[in-house]
Each structure stands twice: as structure tokens, then as C-alpha cells.
Amino acid sequence: MAASEFQSLQGMSDIRAPEIYLWRMIEDEARKLFNCYGYEELRTPVLEKLSVFKRSIGDTTDVVQKEMYAFKDRGGRELAMCPEGTAGTIRHLAGCGEEGLNARVFYIAPMFRCERPQAGRKRQFHQVGVEATGEPNPLADAECIALQQNLLEAWGLVGSKIQISTRGARSDRQPVADGLREALQPHLNNLCEDCQRRIDENVLRVIDCKNEGCAKIVDQIPSALEFMAEESRQYLDAVIQALEKMGIEVEVNPKLVRGLDYYVHTVWEITHDALGAQNAIAGGGRYEIALGKKAVPGVGFAVGIERVITSLETCGITAEQFAPKGGIWLISLGEDALAENMKLARQLREKGNRCGMELADKSMKAQMRKANREGAEIVIIRGEDELAKGTVVVKDMEDGSQEEMNLEDVIRNA
RNA sequence: GUGAUUGUAGCUCAGUUGGUUAGAGCGCCUGAUUGUGGUUCAGGAGGCCGCGGGUUCAAAUCCCGUCUUUCACCCCA
């Protein structure tokens with residue numbers, strides 16, 4: 001709380017115990033599950049050439065235009081900190097030749113976006129995401145969504161909703177934009193200010209405007225899907241059918257808009273009510289990204305760890321549940337016992353025991369209090385008497401019982 | 001980028017119309033006869049009142065700036 005000259009940056013926070021226990025659970029469960037699905041971990045640099053993001057996410061998107069940490073380094077090179085994970089991943093895979101066109105990778109990494117912080121939005125935030133490259137195939141998309149659902153389940157998250165839609169093939173973009181514009185034209189004067197601007201810049205944004213008046217108008221006009229080629233709609237249907245076979249329910253929402261340029265065909269979003277205005281905990285879709293000679297097709301998703309954590313908390317899942325517990329606490333009475341206990345602690349720790357002790361000469365009462373506070377299950381007491389006899393007193397903190405035991409036996413049974 | 005909002009002890013917060021040594025609860029430390037925790041009781045330590053300016057005899061309190069917190073818009077995970 002103490003604000004100082006050397007405080008951390010706005011929207012960037014330090015993560016420590018107990019909260020960190022939840023982070024570790026999330027990461028551990030993710031790695032386990034990704035292994036089951038045959039995904040390998042990929043760690044890409046935080047910094048990339050600015051062009052990587054411009055080219056893949058899109059030059060005109062808000063993410064690139066107003067949210068990135070972009071700067072020139074000492075050599076005048078234009079760089080940016082990754083605002084999302086797909087671009088860097090595909091930049092890597094695009095350089096892997098044949099192998100990169102049929103890969104399954106996942107990442108757990110920090111992302112950076114220079115926006116004003118608010119609920120569920122940090123300037124440094126963290127995502128766990130996957131990418132599976134390969135030619136468009138509805139089954140691949142369905143499997144990716146299945147993986148995502150399994151992931152949320154593995155974390156114990158309940159109450160999330162999945163919405164799905166399609167952006168159609170690239171060739172559908174123009175007809176969709178034209179079609180929507182034409183349909184909206186008669187209502188132009190009734191749209192909100194933003195939408196009057198958006199109708200030219202990015203019609204799709206009009207579709208998901210939260211303004212009530214705009215929403216009503218949008219309900220009256222045909223959905224974007226109706227301006228797409230038949231094959232594009234069939235592709236979405238195939239994904240939905242495959243999901244149904246796996247027992248995964250989705251809500252089709254033609255108004256779902258995903259802003260990044262690289263998406264084609266299937267797009268989806270997971271929302272959770274716990275979150276407030278930023279209610280998406282995960283988003284994904286099929287894409288096509290040209291960062292090399294050949295465009296890399298693939299499908300993937302990313303989950304926001306911070307947002308998952310707030311959602312988990314409303315499910316009653318807390319960090320404390322994953323806190324390390326129990327262990328042994330050593331109590332030393334006198335300097336000799338203290339020195340000997342240092343040795344004992346080392347031996348116990350070498351055998352994998354969680355073991356703590358006071359390193360200063362404190363009263364027994366103080367040491368016992370600390371042992372209790374640290375949640376020790378067992379306390380080992382050593383004073384001059386025990387030292388002389390080669391024994392220790394072993395106390396069970398739960399029921400308060402204690403007995404004198406041979407030091408060797410204690411180490412052997414640890 | 002726009003509009004609100006916050007900052008006082010380790011934590012959660014009081015602090016009257018500007019006025020003397022800035023408070024509480026929890027936590028922490030020490031004790032309640034020699035080497036035994038979680039309960040109780042007694043005592044104690046601990047504060048650049050976010051930071052920098054200004055007004056005033058006098059500022060935690062009023063004014064300006066700045067950083068930060070939280071929230072919304074925009075957009076996204």
C-alpha cells in the first residue's frame with residue numbers, strides 16, 4: 001500500500017502467496033491436460049518485431065493501433081511486447097517448414113496491453129493458449145473447443161457459457177460487409193454516433209453495439225451469416241454437429257464479433273457472469289496467418305488467467321485450498337540445540353520434508369506460537385537434556401500428545 | 001484516449017466546521033514463576049496521513065499538479 005517512488009507500474013502487479021497457489025494449480029492442470037491432447041509447450045520471446053503483430057493481428061485493429069507497447073530499441077528497430085500469443089507462435093511455426101504446418105503447441109505467458117486498467121484488465125496479464133496448425137477441418141475446430149472445455153473443467157470452473165459463430169472464408173468478407181451496410185442504410189439516422197462512424201470503418205462492430213437502439217435495428221436486419229457462401233455456413237454446422245456428438249452445448253450467436261484480422265470461419269468466446277464488463281474469460285477461432293511464404297492455417301484459443309481466477313473465486317475455489325500445509329517445525333532450546341537442529345533440518349529436508357525452524361534464540365513459547373502459525377503438524381523439541389541423551393521430543397500438534405524418541409529413528413522414519 | 005473514484009499503522013478502516021502528543025479492531029512483540037501452541041488477561045512496539053507545490057498563525061483536513069487504486073466507455077483474454 002505504501003505508495004513510493006519505486007512502486008510497480010500501473011496495471012502491473014506482483015503475484016505472491018497465497019494467490020500464487022491458485023496460479024500454480026491453473027498452470028499444473030493445464031500442462032497435464034495439454035499432454036493428454038498431444039500439445040507441446042512453446043516459449044516465445046516477449047519482444048517481437050512490430051511487423052509480426054501488424055501483419056497477423058491487423059494494422060488497423062485497436063490492439064495494434066492503440067494498445068500495444070511498441071517502441072524503438074537502441075538500434076532503431078521497431079519492436080513490440082506481445083499483446084497476445086498467436087502471432088508469436090505462428091511466427092515461430094511459419095519458420096519451421098512442413099513441420100510447422102501440422103503442429104500442436106501451447107503457451108502460458110504474460111501479455112502486454114497499454115490500456116486503462118479496470119475489472120479483469122491489467123496491462124500485464126497472462127494467458128494460457130493453444131494453437132493447432134493444419135488445413136481447415138471442422139473436426140479440428142471442434143476438438144479445440146473440447147480441449148478448452150476440458151481445461152475449464154479441470155480448473156473446477158462452473159457457470160461459463162460458450163458462444164460460437166463464423167466469420168466465413170476470406171472471400172466472404174466483402175459480400176458480408178456490403179450486405180450489412182446495405183441493410184443498415186435505411187436505419188442510418190437511428191444508429192448511435194459511434195455506429196454511424198463504424199458503418200464505414202468496421203460494419204461488424206455495429207452488430208455487437210451495446211446501445212439499445214442499435215441492437216433493435218440489428219435484430220431487424222439479416223445476420224452476417226446470410227451473406228456468406230453456403231460452404232461457410234456448412235462449415236459452422238459441421239463444427240456444431242461434432243460438438244454435439246461430444247456432448248458439448250454451444251450457443252450460436254451470429255452477433256459475436258472477434259476483432260482480430262486473422263480469424264476465418266469458426267470463432268468463439270467463453271463468458272462468465274462473475275466478471276463485470278470484461279466478461280470474456282477465453283476466446284478462440286480458426287485463422288490464417290501469412291508471416292512467411294505460405295499462410296499458416298490453424299485453430300486455437302487463449303484463456304485469461306486473471307479472469308479465470310476471479311471466476312473461480314465466485315465458484316468458491318480459493319487460493320488457500322492449494323496452500324502447502326503441514327510439515328515439521330524444529331524447536332531449539334539453547335545455542336547448542338540450535339546448531340544441531342540446523343543439521344537435523346537439512347537431513348529432514350533432504351528426504352523431502354517441509355521443515356521449518358527459528359534461527360534466532362527465542363523463547364520456547366515464541367517458537368511454539370510460530371510453529372502453530374505455520375501450521376506445523378509435528379513439532380520436534382530439542383534442549384540440553386535431549387542433546388545429551390541423543391533423543392528428541394516429538395509432539396503431535398493436533399492432539400497435543402508427545403513422546404521422547406531416538407534421534408536416529410526420527411530421521412529414518414521421516 | 002474520455003469520464004468517475006481511491007490513497008491515514010503489517011491488514012481493514014475511523015478522523016467532526018482546518019487547531020495541541022493522529023485513533024480503533026485485527027495482526028505482531030513481551031509477560032501471567034524456571035522447557036510447551038491454538039483460548040483468556042495485562043503491557044508494548046509500530047505512522048514521509050501516496051508524492052510535490054500552494055493558501056494559512058496553523059493542513060491528514062482547503063486549492064493545484066502528479067503517481068496510484070477501483071469502475072465504466074472503447075476494445076479485448
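Residue numbers begin at 1 in each chain, while the letters A, B, ... track the order of the sequences. It should be emphasised that the depicted structure is a prediction, and the values quoted were computed from it without experimental measurement.
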- Message: Students often get this wrong, so: under 4.0 angstrom with heavy atoms, is A:Ala282 touching a base, only sugar-phosphate, or nothing?
- Response: sugar-phosphate

- Task: Determine the interatomic distance between C1' on B:C67 and the same-named atom on B:C11; round to the nearest Å.
- Result: 23 Å

- Query: Which whole number of Å gives the distance between the C1' atom of B:U61 and that of B:U55?
  - Reply: 14 Å

- Looking across every strand, which nucleic acid part, if any, lies under 4.0 Å from A:Glu115 by heavy atom: base, sugar-phosphate, or nothing? base

- Query: How many angstroms lie between CZ in A:Arg167 and OH in A:Tyr287, if you round to the nearest 0.5 Å?
  - Reply: 15.0 Å

- Decide whether A:Gln118 and A:Gln278 meet the rule of one side-chain donor and one side-chain acceptor closer than 3.5 Å. yes

- Note on the structure: For RNA chain B, the expected dot-bracket line (Watson-Crick or G-U under 3.5 Å, [ ] crossing, | inter-strand) is ((((..(..((((.....[...)))).(((((.......))))).....(((((..]....))))))..))))....

- OP1, OP2 of B:U70 versus side-chain N and O of A:Arg116: anything below 4.0 Å? no

- Would you say the side chain of A:Arg205 and the base of B:C75 hold a donor-acceptor pair, judged only by whether the two atoms sit under 3.5 Å apart? no

- Task: For B:G65 versus B:A4, give the span between their P atoms, rounded off to a whole number of Å.
- Result: 13 Å

- Message: Does a side-chain N or O of A:Gln10 approach OP1 or OP2 of B:C67 to a distance below 4.0 Å, or not?
- Response: no

- Identify whether any heavy atom of A:Gly11 sits under 4.0 Å from a base atom; if not, whether one sits that close to sugar-phosphate; answer base, sugar-phosphate or nothing. sugar-phosphate

Show every donor-acceptor pair shorter than 3.5 Å between a side-chain atom in residues 17-28 of chain A and any protein atom, with sequence neighbours excluded, or say none if there are none.
residue: A:Glu19; atom: OE2; partner: A:Trp23; partner atom: NE1; Å: 3.2

- Could you measure between the two P atoms, the one in B:G44 and the one in B:U6, and give it in whole Å? 36 Å

- Can you tell me if the side-chain N/O atoms of A:Gln118 get under 4.0 Å from OP1 or OP2 in B:A72? yes

- Note on the structure: Closest to the side chain of A:Gln7, out of B:U68, B:A77, B:A4, is B:U68

- Query: So what does A:Arg197 touch, heavy atoms closer than 4.0 Å: a base, only the sugar-phosphate, or nothing?
  - Reply: nothing

- Could you run through nucleotides 27-40 of chain B and give me one letter per nucleotide, 5' to 3': B if any protein heavy atom sits under 4.0 Å from the base, S if only the sugar-phosphate is that close, - if neither? -SSS----BBBB--

- A:Glu131 side chain to A:Thr86 side chain, donor-acceptor N/O pair below 3.5 angstrom: yes

- Query: Roughly how far, to the nearest 0.5 Å, is CD of A:Glu67 from CG of A:Asp62?
  - Reply: 6.0 Å

- To the side chain of A:Leu260, which of B:C75, B:A72, B:A77 is closest? B:A77

- Could you give the distance separating B:A22 and B:G46 at their C1' atoms, to the nearest angstrom? 14 Å

- Which is true for A:Pro117 with a 4.0 Å heavy-atom rule: it touches a base, it touches only sugar-phosphate, or it touches nothing? base

- For side-chain contact (heavy atoms from CB on, under 4.5 Å), just list the numbers for A:His187 and A:Ile221, CA-CA rounded to whole Å, side-chain angles, deciding distance to a tenth of an Å, and then say yes or no. CA-CA 10 Å; A:His187 309 278; A:Ile221 67 164; 4.2 Å; yes

- Message: Using atom C1' in both nucleotides, what's the gap between B:U8 and B:C49 to the nearest angstrom?
- Response: 4 Å

